[in-house]
Number of protein chains: 2
Amino acid sequence: MIAGMSHEPARASAIADLMRAGREMSRLSMVFRYAIAEQLGLTVSDLECLDYLADVESATAGQIAERTNLTTGAVTSMLRRLQQAGYVRAERDPADRRRVIVTLRPERAAELERPYEGFAKRAKQLIEGYNVDEVMLLARHYDRMQAMYLAELDRLRNGLPEAGVA
Amino acid sequence: MIAGMSHEPARASAIADLMRAGREMSRLSMVFRYAIAEQLGLTVSDLECLDYLADVESATAGQIAERTNLTTGAVTSMLRRLQQAGYVRAERDPADRRRVIVTLRPERAAELERPYEGFAKRAKQLIEGYNVDEVMLLARHYDRMQAMYLAELDRLRNGLPEAGVA
DNA sequence: TGCGGTTATCTTAATGACTAAGATAACTTT
DNA sequence: AAAGTTATCTTAGTCATTAAGATAACCGCA
């Protein structure tokens, strides 16, 4: 149909490779995250929470519950854990005293990054072997994958209006 | 240093974009997996086990324990769950009667694929927009990322001989 | 053949994160 | 000030998981 008809088999097999590699990478990224959490003596939820706090600097318990897909009750005990371990400071919002404002203790932030350092270094080396176009292709691809995940999550949670193509 | 010096800032920002997008995608893939498991009324470990069985056709309890990073005790009760739910058949190996051989019931396999179907369809559409070179770049990238994950997992679990660069 | 050592799984008890339901406290509107 | 809403906490119970050890089966060797 398009150019390169004679390469269709190669293309089909490349696509199959890509799909398989994508699934396997997704699985490994999850195993990796579990391993990091275990190494830090945390649960994956704890790690998720701390990563979130590193991003946003401070959040309320309710925001954390939403982000981590936990109930507020679970967040309460998670925050107790994380406070006890000294990762986090929690205090009531003076402006709205129902709210609990949680912040990551900055002196502990580096400690959370440490297990990722080896990975980050390797990733950087890998990416430095790419030219700008390749980097942009990858980033654009990741962004599109993100959009897909979000759309599918929406579909899974609210009804499932079947990804309409037409 | 190399060609395209004047594009260095664009390149640096593209790299930053890629790293950020990669992290976010990894996070979303995990959230997605949790959502799928929840929709099927399974734990993530159950899903991992069933995906594994779909790959290998049959495995012993011990192999499943290794693959899922669970203790054999946890695998025992997981298998009870999965048998009860009819996903899996488990029987002793006649050749070595200590072993329990587990197989996925083929008639239930499709059911497990269903939640992924929307995602798979979208992914296929996305990939069909790429040319062969792009697909191969992506697949190669994924393969390298897999290798990185495996190397880092090794480092995390056995000592940590610090990813030597020099 | 039978004995020691090893392997593979299962059992049991305890742990701990999580959920659901509802209580408490604080803010907002009228 | 009362009613309604919002944000978090409490409590009780569930369930996957772990750790330790029991059980059963295999293998090699005397």
Side-chain angles (χ1 to χ4, degrees), chain A residues 30-31 33-53 56 58-85 87-103 157, chain B residues 30-31 33-53 56 58-85 87-103 157:
Chain A
M30 191 155 146
V31 174
R33 205 165 174 78
Y34 268 94
I36 298 258
E38 189 183 1
Q39 161 131 340
L40 289 168
L42 300 172
T43 66
V44 172
S45 292
D46 293 346
L47 200 55
E48 179 71 22
C49 171
L50 293 173
D51 283 357
Y52 176 49
L53 288 173
V56 298
S58 88
T60 67
Q63 289 171 324
I64 291 172
E66 199 171 347
R67 168 70 168 219
T68 55
N69 294 315
L70 296 179
T71 58
T72 60
V75 169
T76 298
S77 50
M78 175 169 71
L79 290 180
R80 186 161 24 75
R81 280 201 304 274
L82 294 178
Q83 267 181 294
Q84 185 114 18
Y87 281 114
V88 134
R89 185 194 317 273
E91 43 200 12
R92 301 210 93 93
D93 183 350
D96 180 344
R97 294 219 303 282
R98 294 168 304 178
R99 282 187 163 88
V100 171
I101 300 210
V102 186
T103 53
R157 283 170 180 166
Chain B
M30 190 154 148
V31 174
R33 205 165 174 81
Y34 268 95
I36 299 257
E38 189 184 0
Q39 161 131 338
L40 289 168
L42 300 171
T43 67
V44 172
S45 291
D46 293 346
L47 200 54
E48 178 71 23
C49 171
L50 293 173
D51 283 357
Y52 176 49
L53 289 174
V56 297
S58 89
T60 67
Q63 289 171 324
I64 291 172
E66 199 170 346
R67 168 69 169 221
T68 55
N69 294 314
L70 296 178
T71 58
T72 59
V75 169
T76 299
S77 50
M78 175 169 72
L79 290 180
R80 186 160 24 74
R81 279 201 305 274
L82 293 178
Q83 267 181 294
Q84 184 115 18
Y87 281 115
V88 134
R89 185 194 318 272
E91 43 200 11
R92 300 209 94 94
D93 183 352
D96 181 343
R97 293 219 304 281
R98 294 167 304 178
R99 282 189 163 87
V100 171
I101 300 210
V102 186
T103 53
R157 284 170 178 165

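So you know, we letter chains A, B, ... as the sequences are listed, proteins then strands, and number each from 1. Small disclaimer: the values here were computed from a predicted structure and weren't measured.
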Length of the line joining D96(A):CG and dA25(C):C1', which is rounded to integer Å: 10 Å
Selection from dA26(C), dA16(D), dT18(D) that lies nearest to any side-chain heavy atom of T43(B): dA16(D)
Integer-rounded Å distance: dT19(C) P and M78(A) CE: 10 Å
Spacing between L70(B) atom CG and dC15(D) atom P, to the nearest angstrom: 18 Å
Salt bridge (Lys or Arg N to Asp or Glu O under 4.0 Å) partners of R99(A), counting only residues at least two apart: D96(A)
Close side-chain approach of Q63(B) and V102(B), heavy atoms under 4.5 Å: no
Sugar-phosphate only, base, or nothing, as touched by A95(A) at under 4.0 Å among non-hydrogen atoms: sugar-phosphate
Residue R97(B), side-chain heavy atoms: nucleotide from dA26(C), dA19(D), dA25(D) that is nearest: dA25(D)
Spacing of S58(B) atom OG and I101(B) atom CD1 [to the nearest 0.5 Å]: 5.5 Å
Gap between atoms CG and P, on L42(B) and dA16(D) respectively (whole Å): 10 Å
Touch class at under 4.0 angstrom, heavy-atom based, for N69(A) against every strand present: sugar-phosphate
Residue among V100(B), L70(B), L53(B) satisfying side-chain contact (heavy atoms from CB on, under 4.5 Å) with I64(B): L53(B)
Option from E38(B), E48(B), R81(B) for which side-chain contact (heavy atoms from CB on, under 4.5 Å) with T43(B) holds: R81(B)
Under 4.0 Å protein heavy-atom contacts per nucleotide of nucleotides 9-14 of chain C, with B for base, S for backbone only and - for none: BBB---
Interatomic distance, Y34(A) OH vs dT18(D) P [rounded to whole Å]: 10 Å
Nearest-angstrom distance from the residue atom CG of D93(A) to P of dA25(C): 18 Å
Within-4.5 Å side-chain heavy-atom neighbours: R89(A) and Q83(A): no
Atom pair distance, as rounded to whole Å: CD in E38(B) and C1' in dA17(C): 15 Å
Distance in Å, Y87(A) OH paired with L47(A) CG, rounded so as to fall on 0.5 Å steps: 9.5 Å
